[in-house]
Amino acid sequence: MEEIRRLLLRWYDRHRRDLPWRKTRDPYRIWLSEVMLQQTQVRTVLPYYKKFLARFPTLESFARARLDEVLALWSGMGYYNRIRNMHRAAGLVLEEGGEFPRDLQDARRLPGVGRYTAGAVLSIAFGQRQPVVDGNVLRVLARLYKLRGRPHSSRFQDRIWKKAEALVPRRRPGDFNQALMELGATVCTPASPACGRCPLEEQCLARRAGIQEKIPPPLQRRAPGVLHVAAALVRRPGQVLLVRHQDGGVPKGFWQLPSSPCHAAAGSRKALERLVSRWGGRVREKLFSLEHVTTMRRIVFHVFRAEAPKFRPAAVGGQWVSPDQLEHLPHSASLIKILTRACSI
Ligand code: SF4
């Protein structure tokens, strides 16, 4: 075990990527990076991390910000409950004096802070001997110890957490945890792990048995369901009409084109006509259909040009929005895709 720790830390010191959250011990900044990195790749996170810290450099500034402002900055990253929870949790931390809890159980009582996030913040920011297990660590440890089983079963997870707990050293626990994650992200990748470059090649039981690519077994994912949405593009010079989330495939409270769910492309015009006629408007020609895929579902937007000269946006909680204003409103990546496509027509 001591040898594994030594080899891994030495490898980390030489090969780790230069990432901004590795240059700080500020629990807020580490917490933010961990929340952002859940379900999102490093290269996507980097510009968001920079933007966030420029606007909210401290936990206090973040906790005191309006949720709308926070969501606007997060727009495009998806999994919006992550940041809703962190914002709520930061408010609670501020009420309790502004310090991220140093006790594991206290940290885990915060909204959205599970065993992984608590372990990451406590080990990296405070140097506590706490393990972490994310998808990368799970894969590395499953291979290292040749553990078989369904990765999401609680029995398997328990075994992995126990291994992680036993391995994490007293000295440099935060670096050790990050080293395991880094190894999983850059060397011990799901398909074709680069065992020839791995510091643990000699210790790895799966490698010795030649079954590293079979461990852990791939997840059986269900194909995402399909949602069809009819959307109205209503424009005036330099602005587009947006309404706050109605029913059309975006998170609650987000801004979108006036939209209506429909059964398929065939029913899209009718669905939109019902909506737009309520404002005395008319649906014109169909512009395009566009697909947006999330892990949960595939959304097909059928976008029509529409006119609504008598429409008063405020009456239905809508507004005319310019590209500059859009930056300050929560919106999903699908809206940017639609507007970019619309601009090219
Ligand atoms: S030897 Fe190969 S399978 Fe084992 S931990 Fe290293 S990269 Fe992963």
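Counting starts at 1 for both ligands and their atoms, following the listed order. Every heavy atom of this structure was used, including side-chain atoms; hydrogens, water molecules and symmetry mates were not.
At a threshold of 2.8 Å, atom 4 (Fe) of ligand 1 has no backbone or side-chain N, O or S atom of Cys198 nearer than that distance. At a cut-off of 2.8 Å, Cys195 is not counted among the residues with an N, O or S atom near atom 8 (Fe) of ligand 1.
Nearest to atom 4 (Fe) of ligand 1 among the protein's heavy atoms is Cys204 SG, 2.4 Å. Protein heavy atom nearest atom 8 (Fe) of ligand 1, with residue, atom name and distance: Cys188 SG, 2.4 Å.
The ligand atoms of ligand 1 that sit less than 4.0 angstrom from a heavy atom of Gln212 are 3 (S). Of all atoms in ligand 1, listed by their number and element, those nearer than 4.0 Å to a heavy atom of Glu201 are 1 (S).
Ring orientation note: the planes of Trp21 and Tyr49 are nearly perpendicular, at an angle over 60° on the 30°/60° scale.
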*Phe62 and His87: ring-ring contact (aromatic ring centres under 6.0 Å, His included), yes or no, with the steps?*
CA-CA 7 Å; Phe62 171 67; His87 187 248; 5.4 Å; yes
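Inspection of the Arg197 and Thr186 side chains reveals no N or O donor paired with an N or O acceptor under 3.5 Å.
By the 6.0 Å and 45° rule, Arg269 does not stack over the aromatic ring of Phe304. In this structure, Arg150 is not positioned above the aromatic face of Phe156 in the sense of NZ or CZ being under 6.0 Å from the six-membered ring centre and within 45° of the axis.
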